[in-house]
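Beneath this line is the structure, given in structure tokens, with notes to follow.
Chain naming here is simple, since letters A, B, ... match the order of the sequence lines and numbering starts at 1 in each.
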Amino acid sequence: MTLSALVGRYWPTAALFALLLALWQLAVSALEIRPYLLPSPAMVWNALWQAGFSWWPHLWITSLEIVGAFFMAAIVGVALGTAVAWSPLVANALMPFLVFVNTLPKVAIAPLLLIWIGYGILPTMVMGALIGFFPVVINTAVGLSQVETDMLDLGRVFSAPKWKIFLKIRIPNALPYILSALKITATAAVVGAIVGEFVASQAGLGYVIANTQSSMNTAVAFASLIWISAIGLALYGVVVLAARLWAPWAEGVE
Amino acid sequence: MTLSALVGRYWPTAALFALLLALWQLAVSALEIRPYLLPSPAMVWNALWQAGFSWWPHLWITSLEIVGAFFMAAIVGVALGTAVAWSPLVANALMPFLVFVNTLPKVAIAPLLLIWIGYGILPTMVMGALIGFFPVVINTAVGLSQVETDMLDLGRVFSAPKWKIFLKIRIPNALPYILSALKITATAAVVGAIVGEFVASQAGLGYVIANTQSSMNTAVAFASLIWISAIGLALYGVVVLAARLWAPWAEGVE
Amino acid sequence: MSTSLIDLQKVGMTYEAASGPVEALADISLRVGTGEFVSLVGPSGCGKSTLLRIIAGLRPATKGMVEVTGEQVTRPIPDIGMVFQAPILLKWRSILRNVLLPAELAGRDAGKLRDRALALLDMAGLGGFAEKLPRELSGGMQQRAALCRALLLDPPLLLMDEPFGALDAMTRDDMALELLRIWGETSGARKTVLFVTHSIAEAVFLSDRVVVITPRPGRVAADIAIDLPRPRTVELRASEAFGRLNFDVFRALTGRAG
Amino acid sequence: MSTSLIDLQKVGMTYEAASGPVEALADISLRVGTGEFVSLVGPSGCGKSTLLRIIAGLRPATKGMVEVTGEQVTRPIPDIGMVFQAPILLKWRSILRNVLLPAELAGRDAGKLRDRALALLDMAGLGGFAEKLPRELSGGMQQRAALCRALLLDPPLLLMDEPFGALDAMTRDDMALELLRIWGETSGARKTVLFVTHSIAEAVFLSDRVVVITPRPGRVAADIAIDLPRPRTVELRASEAFGRLNFDVFRALTGRAG
Amino acid sequence: SAQEKVTFALNWFAVGDHAAYWVALEKGYYKAKGLDVTLENSKGSGDSIAKVDTGRADAGLADAAVVIASRARGTTVQVVGMVFDKTPMNFFSLTSKPLKTPKDLEGKTLGAPPGDSQRQMFPAFAKLNGVDAAKVSWVNIEPAAKIAAVAEKRMDGVGDYSTGLPLYEKAAGKGNVVMMNWADFGFDMYSMSIIASAKTMKERPAVLKAFLEASYMGWRDVIADPKAAMEIFKKRVPEVDVELMTPNMLLGIALMKTERYAKGGIGAIDEKKMCDSVELVNTYMGLPQKVECKDVFNAAFFTKVEMPK
Ligand SMILES: Nc1ncnc2c1ncn2[C@@H]1O[C@H](COP(=O)(O)OP(=O)(O)OP(=O)(O)O)[C@@H](O)[C@H]1O
Ligand SMILES: Nc1ncnc2c1ncn2[C@@H]1O[C@H](COP(=O)(O)OP(=O)(O)OP(=O)(O)O)[C@@H](O)[C@H]1O
Ligand SMILES: [Mg+2]
Ligand SMILES: [Mg+2]
């Protein structure tokens, strides 16, 4: 995309963000909100560049965790969704269980998770995946079931085994659903990784937030949130782009 | 459904749960896991009935919060998703912002949020809605965009205004997506309400967990988790049933 | 045919696609007068459906001028009935509610039109199927439902893309006679009909004029006036004039017209 | 016609739906011999598509016995080519890849069949459209692509549901002749074809037998042997015998056969 | 007569050292002084400070270190009375791999929630005892995961108040838990305190004073008869686990049976100790500005309530 196309495309976002920034600054000054509760944009901006420590290792670790969590959630989610759509038996057995797993507040079982999977990058990924996999399961399963009888008949006429019908007909047909879920999961993986870091961590943006919140250094916490959102937006953007390349017929919103 | 139909339908679930219970009991006895970490099923069962306090007020409040969060998320999500699908301008302006909001780890900003919006049932609902609205936005927006050109042409031929095309064609056509998202949100609302209660609350199942965690009374915490999952499953079941009644043509998995 | 309702001047249409452009129409000029019944015939893929979409204002032509009722077409034109090549029934609505859709979309009271919708369904032989869902109908039945839908609001201009394509010969003939009645063959006020068909006999039987389109890119190969007496009757088909006109159209189609 | 490939005995089919049951077929008995070309004609909604689905093993009949190659049909039968009434092209695949789909589904090497697929597309007049997506094709072109797909694996049994329904008269005639060639009219080994059409002339021109079905619920109204010489030629259409057979079928269809 | 509404923000969900306020409620100490008190849970000191500072609560419980740090971030809250006198700061470890003296900490991995005062003050503690702070590695963990982290040997030790002992013993077994009380190693610093905002102090001084006095009366009764106090607590907050919370409470009481409280009354603030605490925070918590000792506390609302004999 050329620069002018980019400008044309994203000026509404830019405008909205600018408006929000202005409102934020205004609120902070007009309502005299305490900086430890809501620092001004300027303070956050400063914290972004002068946090007193280097952001890079934290950014790097959290990014890694998020991407890992995303892929785990995507792979496990598609696999489980396919299993659920595969047979009503599996669906009846698995779904209540998956709903159960998904409704468990992960923060509540933090000690168990800590003991079972430990702490570090991989466990945090697992945590993120646990938080992000469910939308993929549901959307995959629903998408796989939303195929017209005619299309299935087509597959059956050519004596295709069930797995081929899934591979060649159901799954491509469900791609808009799956891609939609991946967009959701891209953001859920971000939250998941941070929650994972909250449970136990030695580095990462979640670690920074937890640390600074306690000393009421909210500006740095907000700066971390901005980094986190930047990672989230980037991952989301990559998913949108990948979707467009991979399944151009399944056009959707961004 | 008759009893035998119910049995026929849910025996796989029941079997899986029974298996898991057995494994759980086995693990606890064989590996000598300490009860404070993972109480035995029997202990949790006892705690369910003899917690030393009444579950009902907690169940009631948490259910209320969950249902409230679910409806808020559903309504706001569908509205935002429709706005995003309505015009590329709105989409370009809103989407990055929504992604931003959704990647913010609510646990991290929960204390801030609660300071701003206060404590109690309503704020906890808002918290739950914040955690659960995003899948609805994405799925609604994607679903609304997944309409065949032919159908849109049909609407345009009859000089339908844009909002009528949304109402009569795009939205019904997107229902499988929206219903899929509502299933996801049903479980997210549960987690959201509990997270909200974790931050500060005087009652509710999240409160019970937070309370018992600080006294290592894990059996009661697990009993709460079971109640929570029961609410989650019930809400999920209601969504599935509602979907089947409301949009029988959009059959999906459960 | 005093005024011309549809006026196309050197209309061209090229579809751009990743796999290369396709020139569907090249240089189509055509006028259709108010109250005229004009059929379009031409080989598969010559651009007939494209032309109908352009006239309806659903797609802009890439070349030339398109006017309906004296106004340039830039967006979907109001008060038309259109039968698409595919039935395009909304799968979540019963057949009756599908037929009533135009009323809802155009903001008319669907309740009042219910009886008319049921009468149309009866006419199309779908009397017992009002409450069925589209997927419970056969291909031909779906097509008839789509026809009823197009007729619901009694529009003065009908654009019909092979409305009888999926019907058997007999049903087809019945429907053709019904269409002539609805068009207003015997009554005073006639609608304007632009009718795409693959059946030469059908085109000749129904129309005031048959316009023959060349293979892609579509151009007007011939514009044949059908000067058969109205009202048309089934017996007409055995007439020599009918046979001759059929042959004229056939010749124009096969390019042997000279 | 030594052995009978398809054997239907008192087959009935009733669709159950929330809005009440629909009896689509009542008591159909029919045999089709190996190598035979049999056409089905009947009014819209009489159950022709339903019958084809039952024979293919896609839906179980609710009554009667269905056998293909001497075996009871309980699930989709192998080695058939089927043309559905709608094109049912996968929208995410190019036309070529849609045509190659049967190879992939049946576990055959699609790469090796590429040339055959391209040749089939050429035959169907879709030479330049191999890389297009389905939505970039006209209705008739999509139908032809679906025909190519059904022919890809050169199946011994073809079930065809109005394969030429969306084609203009000329293309239709060309395709009919191609179909006869593919069927094996002149070569030795003939395929078996069950062909649904709304065109009586087409049925007579192509078939060894034309089976006429009554209005819903479908029964066999007549089974008319077409004893015209093969190979069939276009000239045949002008023959008196052709006209008489056409009339026979017409009479059976309209119920005036007595 | 119209009762004055007072919202008191506790620092956590129900734990043993919250019993006093419920006792004061139950026995009508607040009511007698014309107060209508509501107790509200919070998620840690930061949360309760924010509530008090923004006026969502009128007074609250918070760790003094966090209160001091919060002043540097612009809050107006001040300590108006103490809870524990002796510091509860402490490390827990297991007998199998005990951390008994500060020197043992070198080369070990310790877990603590980020806000934990042990964690924040560790450099001071290390310096005091000649330990190389750089040789200790810290892991952030959820408060809920602290006990499991030690008991299941995921970490060598965790920083946690000494009052938590019963919980650690429940997890690891009696006799298996080792404590390193900072107080035993020369470190003394204020921890749990009662706070109020500038607004409350200015606009409702009488109410605050009354509230403090009634609260310490509650404490007095707790110290005098822990068992009865626990019964009231259980009655008011049925979700508490009496078996664990009783020892937890008793450990807290032990931190209050000091010379200072015996002389000055329960919760008496010692200026020197407070200023030393402020100094420690100023030195070790990386604050954006220095906090003045006099800004941190205000003893004007304190009323002496005698320790029970
Ligand atoms: N959406 C599209 N994108 C690209 N090309 C298109 C599109 N629609 C039609 N075409 C091309 O335009 C040409 C004309 O198509 P059109 O549908 O108008 O033909 P038609 O005369 O209606 O044919 P048929 O009788 O088979 O329905 C075809 O070659 C087709 O490939
Ligand atoms: N899936 C279905 N559910 C319910 N009823 C159905 C279904 N499919 C077909 N029918 C009914 O069965 C009857 C026969 O349908 P079928 O599609 O076999 O007719 P057909 O002979 O192929 O008609 P056409 O020539 O219009 O394609 C129709 O009345 C139709 O309403
Ligand atoms: Mg067309
Ligand atoms: Mg059919």
*Could you pull out the closest heavy-atom pair between A/Lys168 and D/Trp92, with the gap in Å?*
O-CZ2, 3.6 Å

*Hey, are the side chains of A/Phe158 and D/Arg108 touching, using non-hydrogen atoms and a 4.5 Å cut-off?*
no

*Report, by ascending residue number, the residues of residues 55-64 of chain A in heavy-atom contact with chain D at a distance under 4.5 Å; give 'none' if the set is empty.*
none

*To the nearest 0.5 Å, tell me how far A/Met151 CE sits from D/Leu89 CG.*
9.0 Å

_Heavy-atom pairs under 4.5 Å with chain D, option from A/Asp153, A/Asn173, A/Val157 with the top count_ = A/Asp153

*Can you name the closest pair of heavy atoms from D/Leu105 and A/Leu154 and give their distance?*
CD1-O, 4.5 Å

*Is chain D contacted by the side chain of A/Ile169, its backbone, both, or neither, given a heavy-atom distance below 4.5 Å?*
both

*asked:* Within a 6.0 Å radius of atom NZ on A/Lys162, are there more than 12 heavy atoms belonging to other residues, nucleotides or ligands?
replied: yes

_Shortest non-hydrogen separation from D/Glu104 to A/Lys164 and the atoms involved_ = O-NZ, 3.0 Å

*So which part of D/Leu133 gets closer than 4.5 Å to some heavy atom of chain A, the side chain, the backbone, both or neither?*
neither

_CD (D/Glu71) with more than 12 external heavy atoms under 6.0 Å_ = no

_Just to verify, what does D/Asp122 make a salt bridge (Lys or Arg N to Asp or Glu O under 4.0 Å) with, not counting sequence neighbours?_
none

*Nearest heavy-atom pair of A/Ser159 and D/Pro78: which atoms, and what distance?*
OG-CA, 3.3 Å

*Can A/Thr149 and D/Arg59 be said to form a side chain to side chain contact (heavy atoms under 4.5 Å, CB included), step by step?*
CA-CA 11 Å; A/Thr149 327; D/Arg59 298 276 175 291; 3.3 Å; yes

_Neighbour count >12 (heavy atoms, 6.0 Å) for atom CD, A/Glu148_ = no

_Side chain / backbone / both / neither for D/Arg75 at chain A, heavy atoms under 4.5 Å_ = neither

